[in-house]
Amino acid sequence: MPELPEVETVRRTLLPHLVGQMITGVEVLRSTQLKNVSPEVLKEKLTGKEIRDVGRRGKYLLIYLSQGEVLVVHLRMTGRLLFYAEGHEVTPHTRLLIELIPPAELHLHDVRSFAMVFLLPKAEECSLPGIAALGPEPLSADFTPAGLAAALARHRSPIKNILLGQRVVAGLGNIYVDEALFRAGINPLRSANSLTAAEVGRLFQAIRTVLADALGSGGTSIRDYVNGHGVPGAFQQKLAVYGRKGHPCRRCGTTLVGERIGGRSTVYCPLCQPNSAKSVK
DNA sequence: AGTCAAACCTGGGCGC
DNA sequence: TGCGCCCAGGTTTGAC
């Protein structure tokens, strides 16, 4: 489940291998993953272009090409973007293959075919609906406690849903929302606009530290995630609550509880994250 | 406008 | 051993 730390790790592992590479061919193995372009047009527009940069916005990867176009990739649940220096056989789940200066290849591998691929002019990449609606990058200076407080004040849904929504802050998914709320000592069912200034401050710090820590571990590999070289991350060993329902809280020993919030599995500590605005401590 | 649930997909784990 | 069921979840879409 690639969230910001995983997508950023993919970006960092791919960047040194892709920049300066010439695309010599494209093979589309499942065209339904192409969202705004046909296989024929993708081939025509990519072939002969050079990769200039690899960026990221939220969970979107942005592969900038010569002559002003951008290949936008969202890995969703099970997508993997893999660089092979020597070429590699196509697997049953290879969805897109980009041939680089032979024999190198870039493969989009995606068991569940949820990943999305777009091709856009560089000037329009930020107008892609999924990107245009994104909140600030949590590890950038655009993300501030005051901005977070103002954004949360506009919503009365559970804080868990709001953080998953991408509009208040970009890049968090189910894993890091649960982890950040645990670190901040905030119950996931709390109404977003009920958080005190102190709680918003703790949440702000928790979001930043959990993402930075996960990035430092190369991301979290529960099932499918691997970086651009096929190497899994290590942060799953440090998770405090996600996937630990029924296990003891690492801080207080209380049994962690699981619940469905906003249609998503949610795990939290009933003692460290009490469901009451008053019980700040 | 804000909120919510369904849809998209497939493999793994489970109970029987 | 094998079948069927449920679950994982990011984003879009449509309904309320």
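Please read these numbers as outputs of a predicted model, since none were measured by experiment. Each chain gets a letter, A, B and so on, in the order its sequence line appears, and its residues count up from 1.
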*Step by step, would you call Lys160(A) with Asn187(A) a side chain to side chain donor-acceptor pair (under 3.5 Å)?*
CA-CA 8 Å; Lys160(A) 161 100 185 192; Asn187(A) 188 285; over 6 Å; no
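Applying the salt bridge (Lys or Arg N to Asp or Glu O under 4.0 Å) test to residues at least two apart or on different chains, the pairs with a partner in residues 127-148 of chain A are Arg56(A)-Glu137(A), Arg57(A)-Glu137(A).
Put simply, NE2 on His155(A) and CG on Leu195(A) are 13.0 Å apart, with the number rounded to the nearest 0.5 Å.
Taking the six-membered ring where the residue is Trp, His107(A) and His88(A) present perpendicular rings, their angle passing 60° and hence far from 30°.
In this structure, Thr32(A) reaches neither bases nor backbone, as no heavy-atom distance under 4.0 Å exists between it and the strands shown. No engagement by Arg167(A) is indicated, since no non-hydrogen atom pair under 4.0 Å with the nucleic acid exists. Nucleic acid contact for Asn161(A): sugar-phosphate only, since backbone atoms but no base atoms lie under 4.0 Å from a heavy atom of the residue. The residue Arg95(A) sits apart from the nucleic acid: no heavy atom pair falls under 4.0 Å.
Of all heavy-atom pairs between Ala151(A) and Val168(A), the closest is CB-CG1, 3.8 Å. Considering every non-hydrogen atom in both Ile162(A) and Leu152(A), the closest pair reads CG2-CD2, 3.9 Å.
Residue Asp224(A) contributes atom CG, which lies 19 Å from atom P of dC7(C) at whole-angstrom precision. For the pair Lys245(A) NZ and dC7(C) C1', the computed distance is 12 Å after rounding to whole Å.
Transitive grouping of hydrophobic side chains (ILVMFWY, heavy atoms separated by less than 4.5 Å) brings Leu239(A) and Val177(A) into a common cluster. In the hydrophobic clustering of ILVMFWY residues, with side-chain heavy atoms under 4.5 Å counting as a link, Leu75(A) and Phe83(A) come out together.
Using a 4.5 Å cut-off on side-chain heavy atoms (C-beta onward), Leu163(A) and Leu181(A) make contact. Residues Val28(A) and Val117(A) are not in side-chain contact: their nearest non-hydrogen atoms beyond the backbone lie 4.5 Å or more apart.
Extent of DNA chain B lying under 4.0 Å from chain A heavy atoms, first and last nucleotide in 5' to 3' order, is dT3(B) to dG11(B).
Tyr176(A) and Tyr242(A) have their aromatic ring centers separated by at least 6.0 angstrom.
The side chain to side chain donor-acceptor pair (under 3.5 Å) test with Tyr64(A) is passed by exactly one of Glu125(A), Glu50(A), Lys49(A): Glu125(A).
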Output a table of nitrogen or oxygen pairs between the protein and nucleotides 3-5 of chain C separated by less than 3.5 Å.
none

*Which letter, B, S or -, goes with each nucleotide of nucleotides 11-16 of chain C from 5' to 3', with contact meaning a protein heavy atom under 4.0 Å?*
BS----
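The side-chain hydrogen bond (donor to acceptor under 3.5 Å, both in side chains) search around Asp53(A) returns none, not counting sequence neighbours.
Applying a 4.0 Å cut-off to non-hydrogen atoms, none of the residues of residues 142-157 of chain A approaches DNA chain C.
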